[in-house]
Trainee: 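Here you go, one structure.
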Protein chains: 2
Amino acid sequence: MKDIARELGVSVATVSRALSDSPSISRERRQAIQQFAREHNYFPNVIAEQLRHSRRNPSRAIGVIVPELVHYYFSSILDGIESEASSRGYHLIVAKSNESYEREVQICEAMLKNKVCGIIVSQAKDTERYDHFEHLTAAGVPLVFYDRICPALNASRVVVDDYMGTMNAVSHLIETGCKRIAFYGASMNMMIAKNRFNGYRDALYKYGLTLDEDLVRICDNRADAERITPAMMHMENRPDAFFAVNDETAIGILSVVKRMGYTVPDDVSICGFTNGFRATVCDPMLTTVEQRGTQVGKEAADILIGLVEGTLSPDHAEKRIVKTRLVIRGTTRHP
Amino acid sequence: MKDIARELGVSVATVSRALSDSPSISRERRQAIQQFAREHNYFPNVIAEQLRHSRRNPSRAIGVIVPELVHYYFSSILDGIESEASSRGYHLIVAKSNESYEREVQICEAMLKNKVCGIIVSQAKDTERYDHFEHLTAAGVPLVFYDRICPALNASRVVVDDYMGTMNAVSHLIETGCKRIAFYGASMNMMIAKNRFNGYRDALYKYGLTLDEDLVRICDNRADAERITPAMMHMENRPDAFFAVNDETAIGILSVVKRMGYTVPDDVSICGFTNGFRATVCDPMLTTVEQRGTQVGKEAADILIGLVEGTLSPDHAEKRIVKTRLVIRGTTRHP
DNA sequence: ACGGACTACGCAAACGATTGCATTCAATTA
DNA sequence: TAATTGAATGCAATCGTTTGCGTAGTCCGT
């Protein structure tokens, strides 16, 4: 701007006003300045702009904290956030916590320093203190949780309808003739694990089946599934169906069951949760609950931007639930 | 800082110096100021710092442009970049181009405005003009390409050893008895497609096999693979093996071939390229070339940071090749 | 007692923009 | 003709830091 001002023999203030199309500058001057700027491809220094406006205007950078990146669900969510944010003129600062509380704290600090206008976060698995999040809100940085929410904090959040998703899936298993349905869930200190279990339990009750504790296991990955499933199948009263907390676990069950000589879905039905890449790769293809990560991401970004732009009140915690959808494929019988 | 200065009855300059531990401030004052700052949890305004230093010091934000996010290889790369960058004190601004040239241009502009210290990019599929990249280097923003590089630009880059990876994979097929090996590749205007094809061709030559054009097809996704594979298998002289440019395509072939009643690998061998989630989910598990995305990401970040910090000369284009590894599983015979 | 050296600090200008207020100049009005 | 008005522009402060340079004060040596 200084250069433009010098070249055209005007003051920097005039240049500034001309570039922002202020009517207080005469038409000719305005156009001359604008053209000159264009020709010498001038563009404003955002850093300076931000400094000037730091009191009033927030930045347009959204911080996103992800537990891991190489993960179907989290990628989808990130994708959703990116789409929503970029279409509304925001950009993303992305960091992964590696499921570590300490790293999460560091990231929060760094993001605060870097003046993000808000943060979208899914907690690390080992996060049990929430001071760092409270610091952020205290500093006026809006926060939106997704997937793993923090029940202790009354913050905005968007989650998937774990309860109904599981309930529908298990109902489907029952309706296609399954009577002894095993449940492989994650450790119950996470809300999502609890909700899915409740969906399972209530589906059983709804159809008058009793819940057999022997059929409920904590297991949320393939290795564990391959380890514990043979014993399940050797029970005198073996399960005729499995519901798994994610596709990965379901695939583990599938591979064990096939290896043991059972056919799927005739002898054993299997249902997963995610509907990621894996679901259409296994043979038969996996019946699973679609988790709609992209939608979760979009909603989260929408809430955050609402908070930033003042459309949503900062005091009110906006809570959204994204509906799931049961995708019936080859690992369950058709109704 | 102004507040601290006022409270402690010194000048802002003194506070600044004290906080940066300058020896020109007396020990007592320095400590008093530092303590006061800590107690009132002051932390510097990066925006202002940057503005002040914009002439000399670059920011610590690395721009990353990804064609898509929900994609095993790109997630892995992003993961590698994140690890390397965050461990060296940089953070990431991530944007996806959606394989669109226009979006790519927009993103470059936005990143330039936001003063990233450098950009790591894989071109969108439909990018054929490179002005936007040249603008960036002209503006002094270092650029590192990964995966899809731009042959017209002599820029730093890191790619996977597509040639040797394919060569070894096809050699493996030949060594396990395959004689008519089909090749499903991507369109040849991408370097990676060309290199993989050359690896295929040279492996055939090495073992004295002739290249049959009828066995070479442009096909890089599952839907196409499922469409064209039946005809391949109905040829009078059908292929006894397939090499596919990625796992997804390989899975498509696998599912068709199984459905047609052939057994894998006894009747037909299949080899993919990626070693993503899918490879261990299909049945039998997929033999494939491990692409080591995380390593690619790390190398890319390493180069970029080298460029930014002056360890690497900006004129010299650093070109790194990440070695692949053949992972032999169930879709090929064992040697 | 006075010059020199050294310590410890403050002043003020920068970084690149924005903006309230003052100023200039010409045109209009009384 | 003098006063009023309005349009067009400039001045200077501001955002939060950093830093070159100047200066007050102290101590020392002669």
Side-chain angles (χ1 to χ4, degrees), chain A residues 1-38 40-61 110 112-117 139-141, chain B residues 1-34 36-38 40-61 109-110 112-117 139-141:
Chain A
M1 284 191 30
K2 212 182 292 180
D3 300 341
I4 302 184
R6 188 170 8 83
E7 292 301 314
L8 267 54
V10 295
S11 77
V12 184
T14 303
V15 175
S16 171
R17 278 188 262 258
L19 291 176
S20 62
D21 234 19
S22 156
S24 69
I25 302 296
S26 65
R27 181 176 309 285
E28 316 91 62
R29 231 191 239 304
R30 233 187 303 165
Q31 294 184 341
I33 292 178
Q34 290 177 6
Q35 187 181 341
F36 189 94
R38 227 174 298 118
H40 294 67
N41 56 16
Y42 158 89
F43 63 95
N45 180 322
V46 258
I47 305 286
E49 270 175 336
Q50 286 218 106
L51 178 57
R52 183 84 231 288
H53 292 139
S54 47
R55 283 252 178 277
R56 284 178 299 275
N57 296 324
S59 81
R60 299 187 80 80
L112 186 56
K113 278 185 49 176
N114 280 293
K115 299 274 185 245
V116 294
C117 65
V141 178
Chain B
M1 285 190 27
K2 211 182 292 182
D3 300 341
I4 301 183
R6 187 170 10 81
E7 293 300 315
L8 267 53
V10 295
S11 77
V12 184
T14 303
V15 175
S16 171
R17 280 188 259 258
L19 290 176
S20 61
D21 235 17
S22 155
S24 69
I25 302 296
S26 66
R27 182 174 309 285
E28 316 90 60
R29 229 190 242 302
R30 234 186 304 164
Q31 294 184 343
I33 292 177
Q34 289 177 4
F36 189 94
R38 226 174 299 119
H40 295 67
N41 56 15
Y42 157 88
F43 62 96
N45 180 323
V46 259
I47 306 286
E49 271 176 337
Q50 286 220 104
L51 178 56
R52 185 80 234 286
H53 291 141
S54 45
R55 282 252 180 277
R56 283 178 299 275
N57 296 325
S59 82
R60 299 189 79 81
E109 269 181 36
L112 186 56
K113 278 184 50 173
N114 280 293
K115 299 272 184 249
V116 295
C117 66
V141 178

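Every chain is numbered from 1 and lettered A, B, ... according to where its sequence line falls, protein lines coming before strand lines.
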Trainee: Between P on C:dC6 and CD1 on B:I25, what's the gap in Å once rounded to a whole number?
Mentor: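 In whole Å, C:dC6 P and B:I25 CD1 are 18 Å from each other.
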Trainee: Could you tell me the separation between the CG atom of B:N114 and the C1' atom of C:dA17, rounded to a whole number of Å?
Mentor: 15 Å
Trainee: Tell me, please, which residues at least two apart from B:D21 pass side chain to side chain contact (heavy atoms under 4.5 Å, CB included).
Mentor: B:R30, B:Q34
Trainee: Under the side chain to side chain donor-acceptor pair (under 3.5 Å) test, which residues partner B:S20, sequence neighbours left out?
Mentor: none
Trainee: From the list D:dT9, D:dC15, C:dC15, which nucleotide is the closest neighbour of the side chain of B:S54?
Mentor: C:dC15
Trainee: Between the protein and nucleotides 17-19 of chain D, which nitrogen or oxygen pairs come in under 3.5 angstrom?
Mentor:
residue : atom : partner : partner atom : Å
D:dT17  : OP1  : B:Y42   : OH           : 3.2
D:dT17  : OP1  : B:N45   : N            : 3.0
D:dT17  : O5'  : B:Y42   : OH           : 3.4
D:dT18  : OP2  : B:S16   : OG           : 2.7
D:dT18  : O4'  : B:R52   : NH1          : 3.3
D:dT18  : O3'  : B:H53   : NE2          : 3.4
D:dT18  : O2   : B:R52   : NH1          : 2.5

Trainee: Which part of the nucleic acid, if any, lies within reach of B:S26 when heavy atoms closer than 4.0 Å are counted: base, sugar-phosphate only, or nothing?
Mentor: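 Result for B:S26 = sugar-phosphate.
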Trainee: Provide, to the nearest angstrom, the distance between the NZ atom belonging to B:K113 and the C1' atom belonging to C:dG16.
Mentor: 14 Å
Trainee: Nearest whole Å is fine: how far is C:dA13 P from B:L51 CG?
Mentor: 17 Å
Trainee: What pairs meet the salt bridge (charged side-chain N to carboxylate O under 4.0 Å, His left out) rule with one or both residues in residues 3-15 of chain A, with sequence neighbours excluded?
Mentor: A:D3-A:R6
Trainee: Partners of A:S16 by side chain to side chain contact (heavy atoms under 4.5 Å, CB included), sequence neighbours excluded?
Mentor: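 In terms of side chain to side chain contact (heavy atoms under 4.5 Å, CB included), with neighbours along the sequence ignored, A:S16 is linked to A:M1.
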Trainee: Whole-Å distance between D:dA8 C1' and A:R27 CZ?
Mentor: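 Roughly 14 Å, once rounded to whole Å.
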Trainee: A:I4 CD1 to D:dT9 P: how many Å, rounded?
Mentor: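 Rounded to the whole Å, the gap is 16 Å.
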Trainee: Return yes when atom NZ of A:K115 has more than 12 non-hydrogen atoms of other residues, nucleotides or ligands closer than 6.0 Å, and no otherwise.
Mentor: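 Enclosed: over 12 neighbouring heavy atoms sit under 6.0 Å from NZ of A:K115.
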Trainee: Rounded to whole angstrom units, what separation is found between the CZ atom of A:R6 and the P atom of D:dG10?
Mentor: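 One finds 15 Å between P of D:dG10 and CZ of A:R6, rounded.
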Trainee: Identify, with sequence neighbours excluded, every residue that meets side chain to side chain contact (heavy atoms under 4.5 Å, CB included) alongside A:Q35.
Mentor: A:R38, A:E39
Trainee: Report the distance from atom OG1 of A:T14 to atom CG of A:L8, rounding to the nearest 0.5 Å.
Mentor: 10.5 Å
Trainee: Calculate the interatomic distance between A:I47 atom CD1 and C:dA17 atom P; express it in whole Å.
Mentor: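 Whole-Å distance recorded here is 11 Å.
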Trainee: Could you tell me whether the phosphate oxygens of D:dC11, OP1 or OP2, come under 4.0 Å of any side-chain nitrogen or oxygen in A:S11?
Mentor: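 It does not, given that no N or O in the side chain of A:S11 lies less than 4.0 Å from OP1 or OP2 of D:dC11.
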